[in-house]
Amino acid sequence: MTGDAALQLVSRMLWTGALVVAPLLIITMIVGIFVSIFQVVTQIQEVSLSFIPKILTVVFVLTLFGPWMLKKLVSYSATLIASIPSYL
């Protein structure tokens with residue numbers, strides 16, 4: 001395996017990972033910002049108020065996007081395993 005091939009594998013791995021976690025991170029971050037704004041406006045500094053909506057958002061996003069995430073990861077893994085002989 002050449003250095004270029006290794007860099008290409010790492011690049012594809014990082015892009016696939018970023019693509020898979022992007023919906024989860026973005027939506028959770030948006031909910032966190034709204035909860036923080038709500039806490040600042042109402043001056044309620046309760047820890048569970050910021051924790052519970054984020055956990056519920058994560059569960060919702062994983063339920064909604066989970067099959068797509070799994071499909072992307074399985075596709076990447078299958079492509080990687082199928083291409084092993086070409087790297088030897």
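We count residues from 1, following the sequence as given. On a predicted model such as this, the values are computed, not experimentally measured, just so you know.
The 12-atom threshold is exceeded at CH2 of W68, counting heavy atoms of other residues, nucleotides or ligands nearer than 6.0 Å.
Nearest heavy-atom pair across K72 and T16 is O-CG2, 4.5 Å. Residue Q45 comes nearest to Q39 through the heavy atom pair NE2-O, 3.5 Å, listed as atom of the first residue, atom of the second, then distance.
Hydrophobic cluster of F34: the remaining members, joined at side-chain heavy-atom separations below 4.5 Å, are I26, I30, listed by chain and number. Residues I44, L49 make up the rest of the hydrophobic cluster containing F38, defined by ILVMFWY side-chain heavy atoms closer than 4.5 Å, directly or through other members. Taking Ile, Leu, Val, Met, Phe, Trp and Tyr as hydrophobic and joining them when side-chain heavy atoms fall under 4.5 Å apart, one finds L7 isolated, its cluster having no other members.
In summary, of the residues considered (I33, I27, V31, L25), a side chain to side chain contact (heavy atoms under 4.5 Å, CB included) with M29 occurs for I33 alone.
In terms of the side chain to side chain contact (heavy atoms under 4.5 Å, CB included) criterion, residue partners of T2 (sequence neighbours excluded) are, by chain and number, D4, A5.
Here the straight-line distance linking atom CZ of R12 with atom OG of S83 works out to 5.5 Å at 0.5 Å rounding.
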(request) Under the side-chain contact (heavy atoms from CB on, under 4.5 Å) rule, what do V35 and K54 come out as? Steps first, then yes or no, please. (result) CA-CA 9 Å; V35 169; K54 290 179 192 175; 5.7 Å; no

Side-chain donor/acceptor pairs under 3.5 Å, residues 55-66, sequence neighbours excluded:
from : atom 1 : to  : atom 2 : distance (Å)
T57  : OG1    : P53 : O      : 2.6
T63  : OG1    : V59 : O      : 2.7

Identify all side-chain donor-acceptor contacts of residues 74-82 below 3.5 Å with residues at least two apart in sequence or on another chain.
from : atom 1 : to  : atom 2 : distance (Å)
S77  : OG     : L73 : O      : 2.9
T79  : OG1    : S75 : O      : 2.8

